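None of the values given here were measured: they were computed from a predicted structure. Chain naming here is simple, since letters A, B, ... match the order of the sequence lines and numbering starts at 1 in each.
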There are 2 protein chains.
Amino acid sequence: MNSKPQSDRRGRVTLVGAGPGDPELMTLKAVRTLASADVILFDNLVAPEILDFARREARTMLVGKSGHGPSCRQDDINALMVRLATSGKHVVRLKGGDPMVFGRAGEEISACRAAGIPVEVIPGVTAAQGAAARLCASLTHRDHARRLQYVTGHDRSGALPDLDWTSLADPFVTTVVYMPARTLAALAAKAIEAGLDPATPAVAVARATRPDEEVVVATMATLPALVADRSPPGPVLVMIGRAMAEAALDTHVSTNEKASARAAMTAAISAVQRAKAK
Amino acid sequence: MNSKPQSDRRGRVTLVGAGPGDPELMTLKAVRTLASADVILFDNLVAPEILDFARREARTMLVGKSGHGPSCRQDDINALMVRLATSGKHVVRLKGGDPMVFGRAGEEISACRAAGIPVEVIPGVTAAQGAAARLCASLTHRDHARRLQYVTGHDRSGALPDLDWTSLADPFVTTVVYMPARTLAALAAKAIEAGLDPATPAVAVARATRPDEEVVVATMATLPALVADRSPPGPVLVMIGRAMAEAALDTHVSTNEKASARAAMTAAISAVQRAKAK
């Protein structure tokens, strides 16, 4: 008797990136893995239709949003994940975007490793990549950007983190800020103080690639007030940099959606013009 | 008679991200789009199996690698793409990774817009995201990184570009360098000169997520010589930062591949130890 069969029956954890929102932006591997899971632990950042890829017999459990929750909550998720895998289940931890980009995968991988649970990761398209594609605005347009950076808009307590402001002020960077809804005005002020041109194009996208996507095209100086006015529900990301000037030139947005990004952009551009005229 | 039917018959261009290499890491939307293309213009960074998703009747054309080619070559690709779309074809421009992350999508989108050709973009998982998933090393581990940045390892002429070296020296950043094979030693020297700790973990990955993936785990000081020794064929990316220390702890790498990353990593770690012992 060898230990192989037993090892094959052992539980395991797969962290799966659900992509930016549109279920069609999931990878083939993510879909295949979801279809083989016994239990799926998901965030409320994951679009509901994505759970349709699960087997009928799979158990699905909402384990709260990524973002501002207290850290004990993450500990609870880790403990649940490990307990289920230890009992022999294939646990899928399903996360919006890519688990490895501001998705707390590090903590979940560590918990699995500490418990001796095999863990695997399936990457996903980030919300920023989804938004850039929709806007036809390259994140690294050769004429405008030689660096692309992702930062988070809040620390563990929900406050503005201590970012490397000089790196945000670089005129040749595209900066993607994750979920800055409550800290955007302070972030813009700090970046401008560090030398960022207030006229730098800045785009906010709520619920990127979802049918109810909302887009606001503005500048670093004008975006915070525009976003505060709308206070869009759901996750928001902000993309800052000269490369985002291309977003306003967008000539093609799929029209198969309820609210087209085009209309939202036109409205946003008008709003910026009205704000300027005041 | 309205213009709708004619407009539906018009040619168009879709820029499609092929993902990092493993065909299973393509998105559902990318696969569906490939299956509807009349012509596919692809780079040699795209894995051959990915073209199996094309229709049998589709024409596939290799249009050279992304990377070091002279810029007239890009103009030729733009002209070919526009000519085919103008003749009514659905042209798919298939690129490794994500077209919007160092994929020259900006130039191709501009060419389409200038010619009045409808253009759409389908994002893809980048090589760095694929590599991070394989290594179970989060790009933004909360204990190690508060910023993630992508830079390119060469400019239009193939030389080391003038990067924001201070932003690379930040101890709380993970830096992904695209295709630095020929410039890695100079890049490491500049980053260390700007203040980067030479002991910062650094990982090189060649042909990420492919069956013949090669991984070298080292430090910023030791990596350039190790990579030069191996001179791996195909695209190489380098990931630098404290978060990459987790890569060496990897407990799970799929064993369904010809050459496991685990073996490559073990060999690399031994090589680092031998280099240190000298």
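Between chain A and the options Met26(B), Glu24(B), Arg146(B), heavy-atom pairs under 4.5 Å are most frequent for Glu24(B). Heavy-atom pairs under 4.5 Å with chain A peak, among Asp170(B), Leu15(B), Leu148(B), at Leu148(B). Of the listed residues (Gly106(B), Ala243(B), Ala133(B)), the one with the most heavy-atom contacts under 4.5 Å to chain A is Ala133(B). Per-residue counts of heavy-atom pairs under 4.5 Å with chain A were compared for Val176(B), Asp164(B), Val151(B), Thr174(B); the largest is that of Asp164(B). Comparing Pro161(B), Gly116(B), Gly19(B), Gly124(B) by how many heavy-atom pairs each has under 4.5 Å with chain A, the most go to Gly124(B). Contact tally against chain B (heavy-atom pairs below 4.5 Å) for Asp143(A), Thr27(A), Val173(A): the top residue is Thr27(A). Interface check for chain B: of the options Thr166(A), Thr152(A), Leu163(A), Asp162(A), the most heavy-atom pairs under 4.5 Å are formed by Asp162(A).
For chain B, the nearby part of Ile109(A) is the side chain; its heavy atoms alone come within less than 4.5 Å. With a threshold of 4.5 angstrom between heavy atoms, Thr175(A) does not approach chain B through any atom at all. The part of Pro23(B) that comes within reach of chain A is its backbone (N, CA, C, O), which places non-hydrogen atoms under 4.5 angstrom from that chain. For Arg12(A), no part sits under 4.5 Å from any heavy atom of chain B, backbone or side chain.
Using a 3.5 Å distance cut-off with no hydrogens or angles, the side chains of Glu107(A) and His141(B) do not pair a donor with an acceptor. Under 3.5 Å, the side chains of Ser167(B) and Gln149(B) contain a donor-acceptor pair of N or O atoms.
Ion pairing between a basic and an acidic side chain is recognised when a charged N comes within 4.0 Å of a carboxylate O; Arg142(A) and Asp155(B) show no such pairing. The pair Glu49(A)-Arg210(A) counts as a salt bridge, with a side-chain nitrogen and a carboxylate oxygen less than 4.0 angstrom apart. A salt bridge does not link Arg134(B) with Glu120(A): none of the charged nitrogens is closer than 4.0 Å to a carboxylate oxygen.
Both the sub-6.0 Å distance and the 45° axial angle are not jointly satisfied by Arg147(A) relative to the ring of Phe172(A).
Counting only distance, with no hydrogens or angles, the side chain of Gln129(A) and the backbone of Val125(A) share no donor-acceptor pair below 3.5 Å. Judged by distance alone, with hydrogens and angles left aside, the side-chain atoms of Lys95(B) form a donor-acceptor pair with the main-chain N or O of Gly103(B) at under 3.5 Å.
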